[in-house]
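Notes for the one structure printed next.
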Amino acid sequence: MEQSLDITKVNRKEKNNNQRDVLGIHHVTAITSDPQRNIDFYTGSLGHRLVKLTVNQDDPTSYHLYYGDELGRPGTILTFFHWPNILKGQRGTSEVSTVSFLIPENSINYWIERFKDKKVEFSGPSKRFENEKVISFHDPDGLELELVAHNSENRTANLWKEGPIPIEHAIRGFYSVTLSEKGYERTACVLTDELGFIPTRQDRNRFRYEIPTTSSSSTQQKQENEENVRGANIVDVVCLPYTSQATIGIGSVHHVAWRTPTDDQQIVLRKNIIKAGLNATPVIDRLYFHSVYFHEPGGVLFEIATNPPGFTVDEKAEELGTRLMLTKWLEPMRKDLERVLRPVRLPIEETRQQILNREQ
């Protein structure tokens, strides 16, 4: 049975004046077995922009694919490691089980017809809580995805206008992620006490947490709202006490990253995570953002990622996703890596060919 919680009565650990919460989801990283099929599905069927074609910094012989809105803003970024030689993931607890995207409230019928046309199997729409309509489906590797139609702010800034989806129906970035856990209390403590989420709803074994939106009119807050996707601030924890632990593999989420506005705030969050008794990595430079990783008590890998510097640090906005990008320390290995990496056909190449066909 659905319950709405009185957030004014939620007890939260007192924080010092220098601590600020995360802003919501930064990105989600999953695992694919086939980079070309992955590119075709996320750019062709779902209409995301391929914002960066690069390699895994920890395993440069494999691709790291980034999708998002026109600029790849935090809150829209879905990324994939290409690891073809591992087993398929097995569903269970201790994992991000579902990734949900926001679509406009009146776009359900458009996406149903599109999925039928693209032969994408789906279920729904079903109702969740009092105001969400949900279409559930899987990507070609079996990753569980959702489109959630909701009357959230109709985010249109930086939508990818050269994709195949009409702007009025295009995906608006993330809506939420779902964590599957054996229990939820210790995970909930990290979400609320360390990251700033607030419990807002419950429906049977589904517990919802949200980063509260702010009406602050400060110059700093206005700047943050301009630079980042508003929303993408929900996490559901589904409690499955009698379910075995997931095995992460192809078609699984590897980790979920929460966004923070500055390097200084990332350091504050890292210190508090360590004080809470959790092991956190040092800050790692991922070029497009800076990262700190830790496992929450239920076993899901969390990341704290900074909003800056973003994906235009090494490419112009109009050139994003059009060629293989390597870090400075990997650039001397380009020829060797290009021999190892599987060739892929990029969406920009198809667009150019369509233009040529029209001109002939």
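In this text the structure is predicted, and so the values were computed from the model without any measurement.
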Side chain [X], main chain [Y], donor-acceptor under 3.5 Å:
X: Asp203; Y: Arg206; result: no
X: Gln202; Y: Arg204; result: yes
X: Arg270; Y: Ile304; result: no
X: Thr192; Y: Ile198; result: no
X: Asn205; Y: Cys239; result: yes

When you compare the side chain of [Y] with that of [X], does any pair of heavy atoms fall below 4.5 Å?
X: Thr32; Y: Trp83; value: no
X: Val292; Y: Gln266; value: yes
X: Leu46; Y: Trp111; value: yes
X: Thr93; Y: Glu181; value: no

With ILVMFWY side chains joined below 4.5 Å, transitively, what does Leu87's cluster contain besides itself?
none
side-chain contact (heavy atoms from CB on, under 4.5 Å) evaluation trace for Ile108 with Ile103:
CA-CA 8 Å; Ile108 283 285; Ile103 59 172; 4.3 Å; yes
Would you indicate whether Asn279, at its atom CG, is surrounded by more than 12 heavy atoms from other residues, nucleotides or ligands within a distance under 6.0 Å?
no
Taking atom NZ of Lys182 as the centre, report whether more than 12 heavy atoms of other residues, nucleotides or ligands fall under 6.0 Å from it.
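Buried by this count: over 12 neighbours within 6.0 Å.
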Examine [X] together with [Y] and report whether their ring centres are nearer than 6.0 Å.
X: His27; Y: Tyr66; value: no
X: Phe302; Y: Tyr293; value: no
X: Phe81; Y: His64; value: yes
X: Phe197; Y: Trp258; value: yes
X: Tyr42; Y: Tyr67; value: yes

Would you give the length of the straight line joining atom [atom1] of [X] to atom [atom2] of [Y], rounded to the nearest 0.5 angstrom?
X: Leu301; Y: Ser94; atom1: CG; atom2: OG; value: 12.0 Å
X: His82; Y: Leu341; atom1: NE2; atom2: CG; value: 9.0 Å
X: Leu159; Y: Glu168; atom1: CG; atom2: CD; value: 10.5 Å
X: Leu240; Y: Tyr184; atom1: CG; atom2: OH; value: 13.5 Å
X: Phe80; Y: Leu65; atom1: CZ; atom2: CG; value: 8.0 Å
X: Ser252; Y: Arg91; atom1: OG; atom2: CZ; value: 7.5 Å

Indicate yes or no: does [X] engage [Y] in a salt bridge with an N to O separation below 4.0 Å.
X: Glu331; Y: Arg334; result: yes
X: Arg345; Y: Asp40; result: yes
X: Arg342; Y: Asp34; result: yes
X: Asp58; Y: Arg286; result: yes
X: Asp141; Y: Lys88; result: no
X: Arg201; Y: Glu130; result: yes
X: Glu132; Y: Arg208; result: yes
X: Lys52; Y: Asp314; result: yes
X: Glu338; Y: Lys335; result: no
X: Asp336; Y: Arg339; result: yes
X: Glu146; Y: Arg128; result: yes

Is [Y] reachable from [X] through a run of I, L, V, M, F, W or Y residues, each pair having side-chain heavy atoms under 4.5 Å apart?
X: Phe311; Y: Tyr63; value: no
X: Ile165; Y: Phe115; value: yes
X: Leu269; Y: Val235; value: yes
X: Phe101; Y: Leu143; value: yes

For the residue pair Glu95 / Ser180, report whether a side-chain donor-acceptor contact shorter than 3.5 Å exists.
no
